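Order of the sequence lines sets the chain letters (A, B, ...), proteins ahead of strands, with each chain counted from 1. Values in this document were obtained by computation on a predicted structure and should not be read as measured data. Only this structure's heavy atoms are used, side chains among them; waters, hydrogens and symmetry mates stay out.
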Amino acid sequence: MDEDGRGQPVTVARHRLARPAPWLAPRLLGAVLVSLVDGVEVAVRLTEVEAYSGIGDAASHAFRGRTARNTVMFGPPGHLYVYFTYGMHWCANVVCGPDGRAEAVLLRAGEVVRGLDAARVRRPTARTTAELARGPARLAMALGITSRQYGVDLCSDQSPVQLERLARYRAADVAAGPRVGITVAADRLWRFWLVAEPSVSSFRPGSRRVRTSTRHTGTS
DNA sequence: AGGACGATTAACT
DNA sequence: GTTAATCGTCCTC
């Protein structure tokens, strides 16, 4: 656990996260997410993130309003939004923005900086250290994050998942590009990553499935 | 009540 | 490069 000069644990102050996701996301790069899930400490230094806006972002899970799944996004910043996808994977977001705005930053990749052995146990298919948390579902798996961590307070030193140490990088060290795997609002360059980091996932553009419905949709 | 889809990954050719 | 796995969520009927 990170500590200051008096031995107190240090988590990121909540007000620092009360910012729009596209502004905050690149500033989360280099921050350390610490998991104490199941009594094991694993920490990752964030190397790749994506912003999801609470205003007019059709790619956001909050775009169509509040539901049971996205409720935590509409609350105060500094909490963990966890969602289940493709029938098998968990992914983790830092809720940000002012209370009520439903902003979030998807944690896409990180470098495991503590708990390497535990991360290797949770990620048995990883063939290299860089692969342990390269990809949003892999990052969540390395940290042991599932629905049980939905909504946990990342700003409390009592939490099983905590956010520590916001970093600052020169503009030349941060790159931006289209978000991965989405099919709408793909023109927004809201994926951010640290250049020359082996844990950053390779870019895969979103591809829409061929519509299989028999319902007539307008084109012949 | 039913079905399409997905902020992915791993294992293929 | 392709595709299967697998099920919660949300939209439509």
Side-chain angles (χ1 to χ4, degrees), chain A residues 20-22 24-26 28-29 33 44 46-74 79-97 102-110 112 119-151 176-193 198-218:
Chain A
L24 179 69
L28 287 181
L29 293 171
L33 192 70
V44 300
L46 300 176
T47 57
E48 181 188 356
V49 297
E50 277 176 2
Y52 287 85
S53 172
I55 299 178
D57 181 6
S60 169
H61 289 168
F63 181 62
R64 292 167 197 278
R66 184 177 181 138
T67 66
R69 176 175 71 159
N70 65 26
T71 292
V72 71
M73 295 177 74
F74 287 84
H79 293 259
L80 198 65
Y81 166 51
V82 181
Y83 69 91
F84 186 61
T85 192
Y86 290 100
M88 64 198 93
H89 300 303
W90 300 98
C91 297
N93 295 245
V94 173
V95 172
C96 59
E103 308 260 338
V105 176
L106 172 67
L107 308 179
R108 288 203 57 90
V112 177
R120 289 192 186 101
V121 170
R122 288 179 174 147
R123 291 271 303 113
T125 63
R127 298 195 289 187
T128 66
T129 300
E131 275 184 7
L132 287 170
R134 186 172 69 194
R138 290 162 160 187
L139 182 149
M141 197 179 306
L143 295 176
I145 291 174
T146 68
S147 61
R148 293 175 60 191
Q149 284 72 46
Y150 182 95
R179 293 176 290 183
V180 174
I182 63 168
T183 57
V184 294
D187 57 316
R188 302 186 186 194
L189 305 184
W190 283 355
R191 173 184 176 235
F192 304 93
W193 64 94
S199 63
V200 173
S201 65
S202 55
F203 174 68
R204 299 183 307 274
S207 59
R208 183 183 285 281
R209 264 191 218 180
V210 175
R211 179 173 280 280
T212 56
S213 166
T214 56
R215 197 158 43 255
H216 187 61
T217 55

Chemist: Would you indicate, yes or no, if C:dC10 has its OP1 or OP2 atom less than 4.0 angstrom from a side-chain nitrogen or oxygen of A:Arg69?
Modeler: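 So the side-chain polar atoms of A:Arg69 do come within 4.0 Å of the phosphate oxygens OP1 or OP2 of C:dC10, strictly under.
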Chemist: For A:Tyr83 and B:dT8, what is the distance between atoms OH and C1' respectively, to the nearest whole Å?
Modeler: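 Result: 8 Å.
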Chemist: The side chain of A:Thr183 lies closest to which of these nucleotides: C:dA5, B:dG6, B:dT8?
Modeler: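 Looking only at heavy atoms from C-beta outward on A:Thr183, the closest nucleotide is B:dG6.
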Chemist: Nearest 0.5 Å, please: how far is CG in A:Leu132 from CG in A:Leu143?
Modeler: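 The CG atom of A:Leu143 sits 10.5 Å away from the CG atom of A:Leu132.
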Chemist: What's the OH-C1' distance between A:Tyr81 and B:dA7, to the nearest Å?
Modeler: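 Whole-Å distance recorded here is 9 Å.
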Chemist: To the nearest 0.5 angstrom, please state how far the CG atom of A:Asp57 sits from the OH atom of A:Tyr52.
Modeler: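 Spacing of CG (A:Asp57) from OH (A:Tyr52) equals 7.5 Å.
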Chemist: Rounded to whole Å, how long is the line connecting atom CZ of A:Phe63 with atom P of B:dG6?
Modeler: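 About 15 Å, once rounded to whole Å.
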Chemist: Between atom CG in A:Asn93 and atom P in B:dT8, what is the gap in whole Å?
Modeler: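 Whole-Å distance recorded here is 11 Å.
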Chemist: OP1 or OP2 of B:dA7 less than 4.0 angstrom from a side-chain nitrogen or oxygen of A:Arg191, does that happen here?
Modeler: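 The answer is no; no side-chain N or O of A:Arg191 sits under 4.0 Å from OP1 or OP2.
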Chemist: Is there a Watson-Crick or G-U wobble partner for C:dT6 with both distances under 3.5 Å, and if so, which one is it?
Modeler: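 Paired with no nucleotide.
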Chemist: For the pair made of CE in A:Met141 and C1' in C:dA5, what is the distance, rounded to whole Å?
Modeler: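 Nearest whole value for this atom pair: 13 Å.
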Chemist: So, A:Thr71 versus A:Arg69: side-chain donor-acceptor pair below 3.5 Å or not?
Modeler: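 No - no donor-acceptor pair under 3.5 Å links their side chains.
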Chemist: From C-beta outward on A:Phe84, which listed nucleotide comes closest to its side chain: B:dT8, B:dA10, C:dG8?
Modeler: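 Nearest listed nucleotide: C:dG8.
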Chemist: Taking the side chain of A:Arg123 as its heavy atoms from C-beta onward, which of B:dA7, C:dG8, B:dA10 lies nearest to it?
Modeler: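 Shortest atom-to-atom distance from the side chain points to B:dA10.
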Chemist: Is there a Watson-Crick or G-U wobble partner for B:dA7 with both distances under 3.5 Å, and if so, which one is it?
Modeler: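 Pairing partner, where one exists within any strand: none, as none qualifies.
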Chemist: Salt bridge check: are A:Arg123 and A:Glu131 linked by an N-O gap of less than 4.0 Å?
Modeler: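 Here A:Arg123 does not pair with A:Glu131 in a salt bridge, since their nearest N and O are not under 4.0 Å apart.
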Chemist: Nearest whole Å is fine: how far is C:dG8 C1' from A:Tyr150 OH?
Modeler: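 For the pair A:Tyr150 OH and C:dG8 C1', the rounded distance is 13 Å.
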Chemist: By nearest atom, which of the nucleotides C:dC7, C:dC10, B:dT8 is closest to the A:Thr67 side chain?
Modeler: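 Out of C:dC7, C:dC10, B:dT8, the nucleotide with an atom closest to A:Thr67's side chain is C:dC10.
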Chemist: Taking only the side-chain heavy atoms of A:Arg64 (C-beta and beyond), determine which of B:dA7, B:dT8, C:dC11 contains the nearest atom.
Modeler: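 Closest nucleotide among those given: C:dC11.
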Chemist: May I ask you to evaluate whether A:His61 reaches the phosphate of C:dT9, defined as a side-chain N or O under 4.0 Å from OP1 or OP2?
Modeler: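 No, A:His61 has no side-chain N/O under 4.0 Å of OP1/OP2 on C:dT9.
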Chemist: Side-chain N or O of A:Thr125 less than 4.0 angstrom from OP1 or OP2 on B:dA10?
Modeler: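 Answer yes for this pair, as a side-chain N or O of A:Thr125 is under 4.0 Å from OP1 or OP2.
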Chemist: Rounded to whole angstroms, how far apart are CD on A:Glu131 and C1' on B:dT9?
Modeler: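 Result: 11 Å.
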Chemist: Would A:Tyr86 count as stacked on C:dA5 if the rule is ring centres under 5.5 Å and plane angle under 30°?
Modeler: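 A stacking contact does not exist, since A:Tyr86 is not both close and nearly parallel to the base ring of C:dA5.
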Chemist: Run the salt-bridge test on A:Arg179 and A:Glu50 with the 4.0 Å N-O cut-off and return the result as yes or no.
Modeler: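 Here A:Arg179 does not pair with A:Glu50 in a salt bridge, since their nearest N and O are not under 4.0 Å apart.
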Chemist: Under 4.0 Å between any heavy atoms, over every strand shown, what does A:Ala59 touch: base, sugar-phosphate, or nothing? Just pick one.
Modeler: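 Base contact.
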Chemist: Among side-chain atoms of A:His61 and A:Tyr81, is any donor-acceptor pair under 3.5 angstrom?
Modeler: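 Short answer, yes.
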Chemist: Whole Å only: how far is the CG atom of A:Leu132 from the P atom of B:dA10?
Modeler: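 These atoms are roughly 11 Å apart.
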Chemist: Looking only at side-chain atoms of A:Met88, point me to the closest of C:dC7, C:dA5, B:dT8.
Modeler: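 Looking only at side-chain atoms, A:Met88 lies closest to C:dA5.
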Chemist: Do any side-chain nitrogens or oxygens of A:Arg108 fall under 4.0 Å of OP1 or OP2 in B:dT8?
Modeler: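 Yes, because at least one side-chain N or O of A:Arg108 sits under 4.0 Å from OP1 or OP2 of B:dT8.
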